[in-house]
Protein chains: 2
Amino acid sequence: MAKKARSTQRREDSLSPDRIIEASIALLDSSGENGLTFRALAERLATGPGAIYWHVASKSDLLTAACDAIVARTLSEPVVGATPEASIRALALGMFDAIDAHPWVGSALTRAPGQLPVVRILERLGQQLRALGVPDEEQWETVSALLSYILGVSGQNAANAHFARERDADRSNFLDEVATMWSQLDPDEYPFTRSAAAQLRVHDDRVDFLAGIDLILGGISQRAAAARKGRAGVAGTKSRR
Amino acid sequence: MAKKARSTQRREDSLSPDRIIEASIALLDSSGENGLTFRALAERLATGPGAIYWHVASKSDLLTAACDAIVARTLSEPVVGATPEASIRALALGMFDAIDAHPWVGSALTRAPGQLPVVRILERLGQQLRALGVPDEEQWETVSALLSYILGVSGQNAANAHFARERDADRSNFLDEVATMWSQLDPDEYPFTRSAAAQLRVHDDRVDFLAGIDLILGGISQRAAAARKGRAGVAGTKSRR
DNA sequence: ACCTGAACACCGTTCAAGT
DNA sequence: ACCTGAACACCGTTCAAGT
């Protein structure tokens, strides 16, 4: 057999960042956040823990890279022809579903501020806010609000999934435990939470998530309306902040 | 010397959950999230790691308890006579400042879903939403949105502080690094993020945070206005969702 | 009832040594 | 250039044994 022509030919099963990331995703999906271990990973890749460090700088980098792979996949469809509001909703729901499928992505996102996976989301949101006509000076705080909300829900979802895994391996079971705890709180001190316990049992995370996005979008459009009115009416009276 | 009268008298320096929690807070404030260690804690309390387990069930319980102590302190002032909106703003800002002073509280909150510290915040928000006249069926999703946003910002702040500590011990230095990274992104793929890099350098977290709260409050009032209009006008046309 | 501290079963990371 | 795997410096948690 003549040797292969390609000069950078490698053994099919040799290590590479991509193979390591794929194995990490598989491990995280099957065993949760603390299932990702250099030793477990090495076993899965039929190598030693040290080998992985040739391709990857640290565990947190690896987690961020795995997270980024999921985010990039999720944001891959461009969503043409929709209104900016619809695009933001679609983008947000896409992220929600991705985190629902891979809860560890939620905590990875909140632990990688300003890193590539977060930037991908920021960019998409920002472009839609521009399309929506949000004035330049308000774009940063508006995109920050949307992003914080999305990351907040992500983190909560991840934490719920993590707790459910640790405690009883069932998620609705865990929510039920929390609801029971809430309904046993002191009625004088926690009237709202007690009544909310019932809602907690029947709520739909996805619907609640979208309701929050709509609330923020509503705030954006209200602010835009106020700005229009301000421009049309008398000078600077009643301006914001 | 006659022995003291109190029957449950203990050595002044004996262990108690409270002393352990205070020592934990001191440790977390001075050495960050992973400064809290049973060995370091034991040394500070002049005892062994095993002794702590007599009073505390696990590390995550301890972290939640420390977090709860800060949250309870922060929410202690009742804020009388203010409008519901102003109360929500004050409450949110209080939490923001507390997390700014104790960044580890941010990540502790996001890792304790449905637990006491989160419930305290939920309750206060919920009571103000009732005062605001948000209808019963909308209270849950509204309070969820506010809470997710607050927790999202908390988590981001905690992550920023954590990263800054790990990398260069200076926070604005870290934001500068991120801003530089953003400004070097591909202009075609990341136009928004590149232009946002400038804002990142000069922004004020606290102002941005409040702007997000105002956006959500705006969405709430807009929804209320739409509901009033719907009731006054023709039947169910233009109803939400 | 409360405390001690050694021991267990793990971690991430490094690094001399190999190919 | 890439891989091996033992070793280092940690962890949280348990538990027999003490007072």
Side-chain angles (χ1 to χ4, degrees), chain A residues 3-4 6-21 23-24 27-28 30-67 104 107-108 111-112 162-163 165-167, chain B residues 3-4 6-21 23-24 27-28 30-67 104 107-108 111-112 162-163 165-167:
Chain A
K3 67 175 178 188
K4 296 297 187 68
R6 288 272 150 214
S7 61
T8 39
Q9 186 69 23
R10 342 167 114 221
R11 305 198 331 266
E12 171 141 0
D13 62 338
S14 83
L15 246 37
S16 73
D18 276 357
R19 276 195 70 224
I20 295 173
I21 289 169
S24 299
L27 215 41
L28 287 159
S30 67
S31 333
E33 292 188 48
N34 29 28
L36 181 61
T37 275
F38 276 84
R39 283 166 178 83
L41 198 51
E43 193 182 11
R44 218 184 176 93
L45 292 166
T47 179
I52 296 165
Y53 277 89
W54 186 261
H55 303 276
V56 147
S58 70
K59 182 172 177 172
S60 91
D61 272 23
L62 179 54
L63 191 62
T64 302
C67 174
W104 53 271
S107 52
R111 249 176 282 140
H162 182 256
F163 254 61
R165 182 190 287 274
E166 303 286 282
R167 310 252 287 217
Chain B
K3 67 175 176 186
K4 295 296 189 69
R6 287 274 151 211
S7 62
T8 38
Q9 187 69 24
R10 341 170 112 221
R11 305 197 331 266
E12 170 142 2
D13 63 337
S14 84
L15 246 37
S16 73
D18 276 358
R19 275 194 73 225
I20 295 174
I21 289 168
S24 300
L27 215 40
L28 286 160
S30 68
S31 335
E33 291 189 49
N34 29 28
L36 181 62
T37 276
F38 276 84
R39 283 167 179 83
L41 199 51
E43 194 183 11
R44 217 184 177 93
L45 293 165
T47 179
I52 296 166
Y53 276 88
W54 185 261
H55 303 274
V56 146
S58 69
K59 181 173 176 173
S60 92
D61 271 23
L62 179 55
L63 191 62
T64 302
C67 174
W104 53 271
S107 53
R111 248 176 282 141
H162 183 256
F163 254 61
R165 182 190 286 274
E166 302 287 282
R167 309 252 288 218

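Each chain gets a letter, A, B and so on, in the order its sequence line appears, and its residues count up from 1. Every value quoted in this text rests on a predicted model; they were computed, and no experiment measured them.
- Between the side chain of B:S30 and the main chain of B:L27, a donor-acceptor pair closer than 3.5 Å is present.
- Shortest non-hydrogen contact noted between B:L15 and B:I52 is CD2-N, 4.4 Å.
- Of all heavy-atom pairs spanning A:H55 and A:P17, the tightest one is ND1-CD, 3.9 Å.
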Per-nucleotide protein contact along nucleotides 7-19 of chain C, 5' to 3', at a 4.0 Å heavy-atom cut-off (B base, S sugar-phosphate only, - neither), is B---BBBBB----
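- Rounded to a whole Å, the CZ atom of B:R19 is 14 Å from the C1' atom of C:dC2.
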In dot-bracket, 5' to 3', how would DNA chain C read with Watson-Crick or G-U wobble pairs under 3.5 Å, [ ] for crossing ones and | for pairs to another strand?
||.|||||...|||||.||
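- In terms of the side-chain contact (heavy atoms from CB on, under 4.5 Å) criterion, residue partners of A:S60 (sequence neighbours excluded) are, by chain and number, A:S58.
- Between B:A40 and B:G35, the shortest heavy-atom contact is CB-O, 4.1 Å.
- The side-chain contact (heavy atoms from CB on, under 4.5 Å) check on A:A65 picks up A:I21, with sequence neighbours excluded.
- Closest approach of B:A42 and B:P49 over heavy atoms only: CB-N, 3.6 Å.
- Between B:H55 and C:dA1, a side-chain N or O to OP1/OP2 separation shorter than 4.0 Å is absent.
- Residue pairs meeting the side chain to side chain donor-acceptor pair (under 3.5 Å) criterion with at least one partner in residues 32-43 of chain A, sequence neighbours excluded, are A:E33-A:S107, A:E33-A:R111.
- Nucleotides C:dA9 and D:dA9 place their P atoms 22 Å apart, quoted to the nearest Å.
- When the side-chain nitrogen and oxygen atoms of A:W54 are compared with OP1 and OP2 of D:dC2, one or more of them lie within a distance under 4.0 Å.
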